[in-house]
Amino acid sequence: MRVRSLPIALLVLAACGGEAHDESAETADTTTEPATGAEATEAPETNSGVRTRDDSEIPRAPKPWDELTQEERGAFMADSVLPYMQELFAEYDPDEFANVNCATCHGPNMHERDFEMPSPSLPALHASGTPEQHQMVEEHPRMVRFMFNHVVPAMRTMLREEPFDAETGEGFSCYFCHPRAE
Ligand code: HEC
Ligand code: HEC
């Protein structure tokens with residue numbers, strides 16, 4: 001089972017993010033992004049400035065992720081995930097993300113950890129509804145929108161995971177990459 005539940009307010013955003021992604025064909029050439037739910041209205045900045053990709057532009061793992069060997073996973077990461085994410089993150093901020101590499105997601109000790117995710121090097125995310133989570137959204141409105149609208153749908157598609165389902169608590173979420181804050 002690959003179940004990583006997502007806090008409630010993030011669920012709202014995740015659901016809306018899914019819809020936004022389906023509409024991406026119409027908005028592919030613009031930087032306009034549909035609203036992503038409750039939290040977005042708290043954030044004055046509504047646009048992460050990154051072009052919305054069409055589904056067909058996103059690479060997909062050659063087989064369901066669970067059926068790939070560790071070597072095949074690493075090869076897909078190197079051949080497809082990394083180049084895509086390098087371009088995406090550079091579009092978000094070319095200075096901050098000039099050198100996106102495996103360690104950007106997996107952390108500096110990725111070899112010792114055998115690339116296991118989530119990565120303890122990424123900031124831990126608090127459950128929605130908590131003051132800490134609200135603060136995170138307020139402090140990083142553009143980054144949160146970028147994560148919701150671009151990083152999450154792309155990574156989910158690449159890994160051939162299902163969108164997050166609020167009812168079952170299954171599917172791809174922020175917690176595939178970020179640790180859960182205590
Ligand atoms: C944009 C973030 C990102 C980048 C960049 C990235 N990875 Fe990954 N990687 C992931 C995610 C997410 C998973 C899947 C986690 C899961 O299965 O829950 C993963 C899984 C893996 C796995 C399988 C780990 C396991 O426990 O099954 C390997 C091996 C791997 N990555 C290697 C690499 C290598 C090598 C690079 C650089 C060429 C790289 N990754 C770049 C996000 C990334
Ligand atoms: C594919 C892996 C991946 C997924 C999924 C993901 N993130 Fe991220 N996140 C990253 C990476 C990589 C960074 C940049 C780390 C760095 O600056 O080196 C980051 C950075 C952030 C930051 C900036 C933190 C800071 O202090 O600057 C926030 C906030 C954040 N993510 C929130 C989220 C949220 C919320 C979600 C789910 C909607 C999410 N992320 C999903 C990989 C991911």
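None of these values were measured; they are calculated from a predicted model. Note: hydrogens, waters and symmetry copies are ignored here, and every other heavy atom, side chains too, is used. Order of appearance sets the numbers: ligands from 1, and atoms from 1 within every ligand.
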For Thr130, enumerate each residue passing the side chain to side chain contact (heavy atoms under 4.5 Å, CB included) test, keeping only those at least two apart in sequence or located in another chain. His126, Ala127, Glu132, Gln133
Phe148 heavy atom under 4.0 Å from ligand 2: yes
For Tyr175, is the nearest heavy atom under 4.0 Å from an atom of ligand 2?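 Contact absent.
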Using non-hydrogen atoms of the residue, decide whether Asn101 is closer than 4.0 angstrom to ligand 1. yes
So does Asp114 get a backbone contact from the side chain of Gln70, meaning a donor-acceptor N/O pair under 3.5 Å? yes
Under 2.8 Å from atom 8 (Fe) of ligand 2, is there any N, O or S atom belonging to Met143? no
Could you tell me whether atom 8 (Fe) of ligand 2 has an N, O or S atom of Cys174 under 2.8 Å away?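 No N, O or S atom of Cys174 is closer than 2.8 Å to atom 8 (Fe) of ligand 2, so no.
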Atoms of ligand 2 less than 4.0 Å from [X] heavy atoms?
X      : value
Phe97  : 14 (C), 16 (C), 17 (O)
Val151 : 1 (C), 3 (C), 4 (C)
Phe172 : 5 (C)
Met136 : 29 (C)
Leu125 : 32 (C), 33 (C), 34 (C), 35 (C)

Between Glu67 and Arg160, does at least one N-O distance fall below 4.0 Å, as a salt bridge requires? no
Evaluating non-hydrogen atoms only, which member of [options] is closest to [atom]?
atom                    : options                       : value
atom 24 (C) of ligand 2 : Gly107, Pro123, Ser121        : Pro123
atom 5 (C) of ligand 1  : Cys177, Cys105, Pro118        : Cys105
atom 10 (C) of ligand 1 : Met110, Glu116, Arg156, Met77 : Met77
atom 9 (N) of ligand 1  : His106, Met117, Gln86         : His106
atom 11 (C) of ligand 1 : Met155, His111, Glu161        : Met155
atom 30 (C) of ligand 2 : His178, His140, Gln133, Met85 : His178

Report, in ascending order of atom number, the atoms of ligand 1 lying under 4.0 Å from any heavy atom of [X].
X     : value
Gln70 : 23 (C), 24 (C), 25 (C), 27 (O), 29 (C)
Trp65 : 17 (O), 20 (C)
Ala78 : 38 (C)

Roughly how far, to the nearest 0.5 Å, is [atom2] of [Y] from [atom1] of [X]?
X      : Y      : atom1 : atom2 : result
Met147 : Arg142 : CE    : CZ    : 11.0 Å
Arg113 : Ser121 : CZ    : OG    : 7.0 Å
Phe172 : Met158 : CZ    : CE    : 9.5 Å
Tyr84  : Glu57  : OH    : CD    : 6.5 Å
Leu125 : Cys177 : CG    : SG    : 10.0 Å

Kindly check if the number of other-residue, nucleotide or ligand heavy atoms within 6.0 Å of CD (Glu116) is above 12? no
Close side-chain approach of Arg156 and Pro163, heavy atoms under 4.5 Å: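 The answer is yes, as the side chains (C-beta and beyond) meet within the 4.5 Å cut-off.
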Can you confirm if the aromatic rings of Tyr92 and Phe146 lie within a centre distance of less than 6.0 Å?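 Yes, close enough.
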Which atom pairs, one a donor and one an acceptor, fall under 3.5 Å between side chains of residues 103-111 and the rest of the protein, sequence neighbours left out?
residue : atom : partner : partner atom : Å
Thr104  : OG1  : Asn101  : N            : 2.9
Thr104  : OG1  : Asn101  : O            : 3.2
His106  : ND1  : Phe115  : O            : 3.3

Heavy-atom pairs closer than 4.0 Å: do any link ligand 2 to the side chain of Thr104, the backbone, both, or neither?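 Answer for Thr104: both.
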